[in-house]
Amino acid sequence: MPDTSSPLRRALLPLLALTAGVLGMSAIWTTAAILSRSPLAWLAFLAALDMVLLLRLTGMRPGPLRGMAATAGTALCIALSYWLIAATQFGAVLGLRPLESAARMGPTLASELTRLQAGPYDTALLALSLLTALLGAWGPLRQR
């Protein structure tokens with residue numbers, strides 16, 4: 001059965017779903033990491049599964065495009081979460097709110113703060129979550 005929906009709907013709905021997924025998962029991840037005082041890299045797997053599920057629910061067809069979209073959403077969620085975690089910790093020292101600190105913090109400081117709290121185990125988990133997003137969203141190329 002051919003897809004009769006408009007090209008705008010086919011592009012806009014997955015983009016909105018990814019945006020909601022990235023923002024929501026980043027908020028959950030940042031809150032949990034701040035409360036536990038640990039980066040909680042395993043939450044990247046939940047972010048990857050969230051992106052895969054959201055894209056599937058929008059009706060986006062399995063394949064390379066959906067795989068790349070899920071991987072990009074997961075990578076953005078990882079970057080945003082780690083940035084906000086570092087900004088919250090740094091802002092607490094200076095008496096700034098998290099979003100004020102995030103706006104003032106540069107990429108060098110954010111990467112250094114992240115490097116100090118995350119080890120090779122965390123890096124491996126983040127890489128595996130990106131692979132999970134790619135393969136999970138790619139899915140079967142043919143429907144049976």
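Numbers here simply count residues along the sequence, with the first being 1. Computed over heavy atoms, backbone and side chain alike; hydrogens, waters and symmetry mates excluded.
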Open item on the list: Walk me through whether Y82 and L126 qualify under side chain to side chain contact (heavy atoms under 4.5 Å, CB included).
Closed with: CA-CA 11 Å; Y82 272 92; L126 298 178; 3.9 Å; yes
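- C77 places a side-chain heavy atom less than 4.5 Å from the side chain of S81.
- W83 and L76 fall into different hydrophobic clusters, defined by Ile, Leu, Val, Met, Phe, Trp and Tyr side-chain heavy atoms under 4.5 Å apart, directly or through other members.
- In the hydrophobic cluster analysis, where Ile, Leu, Val, Met, Phe, Trp and Tyr join through side-chain heavy atoms closer than 4.5 angstrom, L96 is grouped apart from I85.
- Side-chain heavy atoms closer than 4.5 Å link hydrophobic residues (I, L, V, M, F, W, Y) into clusters, and following such links, even through other members, never connects L54 to L130.
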Open item on the list: Go through it in stages, so that I can follow the logic: the residues are T71 and M51, the test is side chain to side chain contact (heavy atoms under 4.5 Å, CB included), and I'd like the CA-CA distance, side-chain angles, deciding distance and then a yes or no.
Closed with: CA-CA 8 Å; T71 304; M51 300 307 143; over 6 Å; no
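- Note: L84 CG to I34 CD1 = 9.0 Å, rounded to the nearest 0.5 Å.
- No single ILVMFWY cluster, assembled from side-chain heavy atoms under 4.5 Å apart, contains both L131 and L65.
- For A86 against A110, the heavy-atom pair with the smallest separation is CB-O, 4.3 Å.
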- [ ] Check step by step if side chain to side chain contact (heavy atoms under 4.5 Å, CB included) holds for L43 and M25.
- [x] CA-CA 9 Å; L43 284 172; M25 191 61 207; 4.2 Å; yes
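- The two residues A133 and V52 make their nearest non-hydrogen contact at O-CG2, 3.7 Å.
- A pairwise comparison of heavy atoms in A47 and T74 identifies O-OG1, 4.1 Å as the closest pair.
- The line from OG1 of T123 to CZ of R115 is 11.0 Å long, rounded to the nearest 0.5 Å.
- Although no hydrogens or angles enter the test, the distance criterion places a donor-acceptor pair under 3.5 Å between the side chain of T58 and the main chain of L55.
- In this structure, D122 and Q117 approach most closely via the heavy-atom pair OD2-O, 4.1 Å.
- In F90, the CZ atom is not crowded: 12 or fewer heavy atoms of neighbouring residues, nucleotides or ligands sit closer than 6.0 Å.
- Between the side chain of S129 and the backbone N or O of F45 there is no donor-acceptor pair closer than 3.5 Å.
- Between the side chain of S26 and the backbone N or O of V22, at least one donor-acceptor pair lies under 3.5 Å.
- Residues L13 and M60 fall into different hydrophobic clusters, defined by Ile, Leu, Val, Met, Phe, Trp and Tyr side chains chained together at heavy-atom separations under 4.5 Å.
- In terms of heavy atoms, G67 sits closest to A137 at CA-CB, 3.7 Å.
- Proximity of R37 to Q89: side-chain heavy atoms (C-beta onward) are nowhere separated by under 4.5 Å.
- The salt bridge (charged side-chain N to carboxylate O under 4.0 Å, His left out) search around E100 returns none, not counting sequence neighbours.
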- [ ] Tell me, with the steps shown, if L49 and L53 meet side chain to side chain contact (heavy atoms under 4.5 Å, CB included).
- [x] CA-CA 6 Å; L49 295 175; L53 180 64; over 6 Å; no
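- Residues P39 and W29 come closest through the heavy atom pair O-NE1, 2.9 Å.
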